[in-house]
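Just so we're on the same page: letters track the sequence lines, and every chain starts at 1.
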2 protein chains.
Amino acid sequence: MNERDFLRDYDKNSYSSPLVTVDAALFTYQDECLKVLLIQRANHPERGKWALPGGFIDEQADTDLDVAVQRKLYEKTGVRIPYIEQLASFGSNKRDKRGWSVTIAYTALVAYQDCSALAESVSDTRWVPLQELPQLKLAFDHEQLILCARERLRQKALYSIVPAYTLPEHFTLPALQQVHEALIGKPLQKKSFRRRIEQAELLIDTGKKRAEGGRPATLYRMKPGAAEHFFLRNLEL
Amino acid sequence: MNERDFLRDYDKNSYSSPLVTVDAALFTYQDECLKVLLIQRANHPERGKWALPGGFIDEQADTDLDVAVQRKLYEKTGVRIPYIEQLASFGSNKRDKRGWSVTIAYTALVAYQDCSALAESVSDTRWVPLQELPQLKLAFDHEQLILCARERLRQKALYSIVPAYTLPEHFTLPALQQVHEALIGKPLQKKSFRRRIEQAELLIDTGKKRAEGGRPATLYRMKPGAAEHFFLRNLEL
DNA sequence: CCAATAGTGTCTATCAGACATTATCTA
DNA sequence: TAGATAATGTCTGATAGACACTATTGG
């Protein structure tokens with residue numbers, strides 16, 4: 001038999017296959033704390049519990065995994081998310097009561113004000129501060145996914161400025177440092193933080209603003225490709 | 001309707017779901033070059049092409065993804081692989097002619113002599129030097145998976161001693177440095193390489209051996225947890 | 001002895017930590 | 001003016017690069 005005949009006779013759906021979903025841990029930074037977007041499940045299973053935005057692959061609409069997760073995030077937030085990166089996949093016969101399931105998990109970042117409208121207006125959608133997670137009932141293994149994403153972001157905060165995507169397009173260095181400190185969980189040296197970003201020329205000076213009672217801070221925006229820059233030395237732990 | 005009734009009535013197989021596979025890029029180091037284990041496909045689709053060890057999830061036998069990939073590797077090599085780590089997932093409606101498919105890809109490492117017997121005896125299984133990949137017809141997107149795994153290993157060579165798993169349990173520092181150099185693609189400073197490993201106390205001195213015409217080199221083995229140690233500073237590019 | 005390979009001594013360069021100092025805003 | 005926040009100056013310490021040197025084996 002040649003391949004064409006094989007494919008003609010092959011019926012994918014006559015074999016059992018795990019359920020496949022994509023899920024995204026979408027983080028932002030607001031009110032001096034990191035928050036993740038959660039959605040209260042309207043349907044079984046795990047109805048009423050809070051879950052990450054995500055869901056089944058649509059074999060017609062989605063051409064690949066990245067498209068699928070972008071679609072899910074767009075459906076839930078109504079905006080294009082500037083930073084999405086694959087995190088890891090989780091699959092077992094236990095994580096979903098419907099049977100063997102796999103989720104391809106993503107980490108995503110967005111500025112709060114670019115994404116607040118929908119979440120603030122709909123009662124089943126919330127920006128949840130990370131400290132409040134333990135009190136909330138999360139669906140499936142989504143708490144684990146969030147912790148995994150958080151840990152990866154913490155690492156990135158040590159050697160990149162990826163966390164800048166939690167801020168508006170124009171942001172100050174003190175603001176960026178705050179996000180990094182929140183992720184790393186300890187204060188950083190102002191001088192070290194600025195020095196490495198300056199030397200690597202990752203940001204573009206705009207005009208200054210942002211006065212909060214003291215000297216106004218310079219507003220910057222990221223250079224194209226700045227998020228792909230990895231420092232050779234980590235900030236210390 | 002409550003969740004129990006929902007689950008009783010739910011038939012997972014009445015919905016179409018992508019094909020789900022796991023695949024592993026299993027690397028080793030032999031004859032001064034990096035090699036990856038490939039298997040010639042006996043069945044459609046892509047019959048005759050070379051592919052990574054892997055295949056469909058077995059919903060009965062496999063309790064989770066890690067178990068599935070370990071099973072696949074055991075079936076192909078007959079040995080327990082000491083280093084397996086999830087790499088990334090690849091999914092689209094194009095990568096497999098049978099339809100929408102997702103593979104969860106893994107990177108794995110093994111010492112050549114711990115894994116040579118089967119590969120040398122069976123004609124459809126080969127350790128392929130990485131330089132020879134472009135000449136070989138690879139199935140699906142497996143060439144891309146290998147390149148992706150290789151790039152991740154290259155990064156790890158800059159800040160960890162994970163590549164030590166390509167060597168036998170007892171190995172010399174010059175041998176380890178060779179592997180790192182092969183991955184990074186440029187020579188390293190002997191002194192820098194040794195110094196950081198010594199200072200972090202990642203290896204245990206055994207007794208010396210390995211004479212290759214000159215002064216015999218000390219044989220070491222990894223301390224437990226040594227592969228999880230990440231240096232704060234990368235080797236430079 | 002020499003050739004070959006392993007391993008060390010040591011100087012320099014880079015860059016993060018620490019922290020004091022200066023700058024620029026509002027009230 | 002004081003208070004607050006932003007930004008800089010500058011010293012120290014850790015560690016990678018460079019490369020010459022010593023050590024240990026076999027002929």
Between C/dG17 (P) and A/Glu236 (CD): distance, integer Å: 5 Å
Pair A/Tyr106-A/Asp66, side chain to side chain donor-acceptor pair (under 3.5 Å): steps then yes or no: CA-CA 9 Å; A/Tyr106 285 76; A/Asp66 290 358; 2.8 Å; yes
Residues touching DNA chain C, which here means a heavy atom under 4.0 Å, drawn from residues 188-200 of chain A: A/Gln189, A/Lys191, A/Ser192, A/Arg195, A/Arg196, A/Gln199
The single option from B/Leu37, B/Val79, B/Ile84, B/Val22 passing side chain to side chain contact (heavy atoms under 4.5 Å, CB included) against B/Leu73: B/Ile84
Euclidean distance, atom CG of residue A/Leu232 to atom C1' of C/dT14 [Å, nearest integer]: 10 Å
Whole-Å gap separating P (C/dC15) and CG (B/Asn234): 13 Å
Spatial distance of atom CG (B/Leu232) from atom CZ (B/Arg196) [nearest 0.5 Å]: 9.5 Å
Worked check of salt bridge (charged side-chain N to carboxylate O under 4.0 Å, His left out) between B/Glu236 and B/Lys186: CA-CA 10 Å; B/Glu236 287 180 13; B/Lys186 82 162 235 214; over 6 Å; no
Note, B/Lys49 side chain near B/Gln40 side chain (heavy atom, < 4.5 Å): no
Nearest-Å distance for atom pair NZ/P, residues B/Lys208 and D/dT24: 7 Å
Near-ring test A/His170/A/Tyr220, centroid separation under 6.0 angstrom: no
Residue pair B/Gln70 / B/Ile81, side-chain heavy-atom distance below 4.5 Å: no
Sub-4.0 Å heavy-atom contacts from residues 150-179 of chain A onto DNA chain C, ordered by number: none
Electrostatic pair A/Lys156:A/Glu85 at N-O distance under 4.0 angstrom: yes
Between C/dT5 (P) and B/Glu32 (CD): distance, integer Å: 10 Å
Interatomic distance, B/Glu151 atom CD to B/Leu147 atom CG [nearest 0.5 angstrom]: 9.5 Å
Sugar-phosphate only, base, or nothing, as touched by B/Leu235 at under 4.0 Å among non-hydrogen atoms: sugar-phosphate
Side chain B/Thr103, main chain B/Ala105, donor-acceptor under 3.5 Å: no
Heavy-atom side-chain proximity of B/Tyr29 to B/Pro163 below 4.5 angstrom: no
Members of residues 215-223 of chain A that approach DNA chain C, where some heavy atom sits under 4.0 Å away: A/Arg215, A/Pro216
